[in-house]
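See below for the structure under consideration.
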Amino acid sequence: MATAAAVLTLPQAAFALAAPDPIKKYPPKVVDLVERSLIIDMLAPLKLDFTPAAYSGRLSDADAAMFRSSGITGFHNSIGVGGADAHEDALSFIAAWSGFVGRNAEVFSLVGMADDIDRAKAKRRIAVIMGLQNADEFREAKDVKAFYELGLRCAQLTYNSQNLIGSGSTERVDGGITDYGVQIIKAMNEAGMLIDVSHSGDRTTLEAIELSPKPIAITHSNCRALNDHPRLKTDEAIRKLAAKGGVMGITGVRNFVKDREPTTVEDVVDHIDHVVKLVGIEHVGIGTDSDLMGYDHMPPDEYAKLKAGYKASYAFRDKIDTDGFNHPRKMYDLTDALIRRGYSDANIQAVLGGNFRRLLGSTWTVTEKKTGDKS
């Protein structure tokens, strides 16, 4: 969801992350499972506020406590960039938020390889994965390696609209991956950068999965079989993703979870159930598509601007966040719901982060060039 034409002028919230409410009395099993699990949210901007005030200073004690008490080990800090200034905006985003992580090193640590997430868990720090929800920042294929060297570890091929690589999910016609897109996919595999197709159209999604020799990700989407929305993924796409070893992150955006009320964390689990029944427990994870507070905490004017920035097909309702999945300790509520649904401890840990940890470990590796390859 978090996107804009320019990083420093995003129509996003300008609010300080508030301290969490008094600790809910979760069952001991829930607390124990969250505390010992490696939890990775594969789409989680650190703050839905990209003004200089958000990233230029130090965390307050209350905000630091909220991050630590969330139970989440890894945040995929990713936004959308696009248009003529995408390259510069992407550079600004990486510089701004890498600096923020560095100034708050007692809370955060940047991720370069998958085992950095393990180290963050051991040291009780928050691991930050730098990502972008588009690939307009790549002006040519060689830019992929340059961005990887700056710390970018995941990029969507497209956002909702057509770009030089392929088609987005809200385009009327999906032309699939372009010749230039084939070059970008090759460059991402060689650099060791994770490919994401969360916002891509149906044909573009399927062709990206087929073209990439490594598994790819759908970091934040849901199942169209349960909710007929253009931003969601078909069973065919989920099956092909899984067949190549990929993982799909389930999101809590209300209009992606369900098309009617009530919409609760139990409906989020329905999407997890669907993926598990379709392709197995090994191919589903979490990508909330939100910061810890959620979209519904945004100031009214910024909230209205955000909704106005999307096509009518997004079908926003009064709320964007899902009930029970709209607060800093949402992973506790999700874990509680998964326990009630009958998932084993091992399977819950796989969903909460184990599956994405495996995927990151297998894709964040550089493919060695063959002898004589000058490309």
Side-chain angles (χ1 to χ4, degrees), residues 23-44 69-76 117-118 121 198 215 217-227 232-233 235 237-239 241-243 245-254 256-258 262-290 292 321-362:
I23 296 175
K24 179 180 176 180
K25 298 298 183 181
Y26 294 99
K29 181 176 181 178
V30 171
V31 175
D32 174 68
L33 197 50
V34 169
E35 288 183 350
R36 58 188 172 89
S37 296
L38 185 74
I39 300 178
I40 301 174
D41 188 338
M42 272 306 290
L43 204 292
S69 68
S70 71
I72 301 171
T73 306
F75 285 70
H76 178 204
I117 305 174
D118 305 333
K121 176 69 174 179
S198 295
I218 298 170
T219 62
H220 60 297
S221 187
N222 286 345
C223 308
R224 199 177 301 169
L226 302 185
N227 183 16
L232 307 187
K233 298 303 180 184
D235 283 359
I238 298 168
R239 286 192 183 99
L241 179 87
V247 179
M248 177 176 177
I250 300 301
T251 174
V253 173
R254 197 178 195 92
F256 300 162
V257 174
K258 197 174 176 182
T263 304
T264 73
V265 67
E266 294 293 338
D267 300 305
V268 173
V269 178
D270 286 344
H271 287 272
I272 295 172
D273 279 349
H274 184 79
V275 177
V276 171
K277 292 172 183 175
L278 193 67
V279 296
I281 192 70
E282 301 88 356
H283 302 288
V284 63
I286 304 299
T288 64
D289 202 357
S290 176
L292 288 177
D321 303 321
T322 290
D323 297 344
F325 207 56
N326 55 352
H327 57 85
R329 293 192 180 90
K330 54 195 165 190
M331 293 302 176
Y332 288 82
D333 287 79
L334 178 63
T335 300
D336 199 10
L338 289 168
I339 291 171
R340 292 195 304 272
R341 201 67 67 97
Y343 283 82
S344 68
D345 288 6
N347 284 347
I348 292 172
Q349 290 184 299
V351 172
L352 292 178
N355 290 333
F356 270 124
R357 169 61 180 84
R358 183 189 69 252
L359 177 66
L360 298 178
S362 66

What distance separates [X] [atom1] from [Y] [atom2], expressed to the nearest 0.5 Å?
X: F256; Y: N227; atom1: CZ; atom2: CG; result: 9.5 Å
X: I117; Y: I40; atom1: CD1; atom2: CD1; result: 4.0 Å
X: R357; Y: L359; atom1: CZ; atom2: CG; result: 10.5 Å
X: I286; Y: K330; atom1: CD1; atom2: NZ; result: 10.5 Å
X: N222; Y: H274; atom1: CG; atom2: NE2; result: 10.5 Å
X: T251; Y: L232; atom1: OG1; atom2: CG; result: 9.0 Å

Is the closest basic N to carboxylate O distance between [X] and [Y] below 4.0 Å?
X: R224; Y: D235; result: no
X: K258; Y: D270; result: no
X: R341; Y: D336; result: no

- Message: Checking side-chain polar atoms at under 3.5 Å, does S198 have a donor or acceptor matched by the opposite partner on T219?
- Response: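 A pair is found: one side chain offers a donor N or O, the other an acceptor, under 3.5 Å apart.
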
- Task: Examine the side chains of D32 and Y26 and answer whether a donor and an acceptor come within less than 3.5 Å of each other.
- Result: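 Distance-only check fails for D32 and Y26.
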
Under a 4.5 Å cut-off applied to non-hydrogen side-chain atoms, are [X] and [Y] in contact?
X: L334; Y: L352; answer: yes
X: L292; Y: F75; answer: yes
X: M248; Y: I238; answer: yes
X: K29; Y: I339; answer: yes
X: N347; Y: V351; answer: no
X: T263; Y: D323; answer: no
X: L43; Y: T288; answer: no
X: H327; Y: D333; answer: yes

- Item | Trace of the side chain to side chain contact (heavy atoms under 4.5 Å, CB included) decision for I272 with Y343 | CA-CA 11 Å; I272 295 172; Y343 283 82; 3.9 Å; yes

Does the [X] side chain pair with the main chain of [Y], one donor and one acceptor, at a distance under 3.5 Å?
X: S70; Y: P328; result: no
X: D289; Y: G252; result: no
X: H271; Y: C223; result: yes
X: N355; Y: A350; result: yes
X: S221; Y: I218; result: no
X: H220; Y: G287; result: no
X: R358; Y: G353; result: no

- Item | Residue list, side chain to side chain donor-acceptor pair (under 3.5 Å) with S37, at least two apart or on another chain |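 Only Q349 meet the side chain to side chain donor-acceptor pair (under 3.5 Å) criterion with S37.
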
- Could you tell me which residues satisfy side chain to side chain donor-acceptor pair (under 3.5 Å) with Y332, sequence neighbours excluded, listed by chain and number?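 If we apply the side chain to side chain donor-acceptor pair (under 3.5 Å) test to Y332, skipping adjacent residues, there are no hits.
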
Check [X] against [Y] and note the closest heavy-atom contact, atom names and distance.
X: V269; Y: A337; answer: CG2-CB, 3.8 Å
X: P215; Y: G246; answer: CB-N, 3.7 Å
X: D321; Y: S290; answer: OD1-OG, 4.3 Å
X: A217; Y: F356; answer: CB-CE2, 4.3 Å

- Message: Please evaluate residues T322 and V253 with respect to the criterion side chain to side chain contact (heavy atoms under 4.5 Å, CB included), reporting the C-alpha separation (whole Å), side-chain torsions for both, the decisive distance (0.1 Å), and the verdict.
- Response: CA-CA 6 Å; T322 290; V253 173; over 6 Å; no

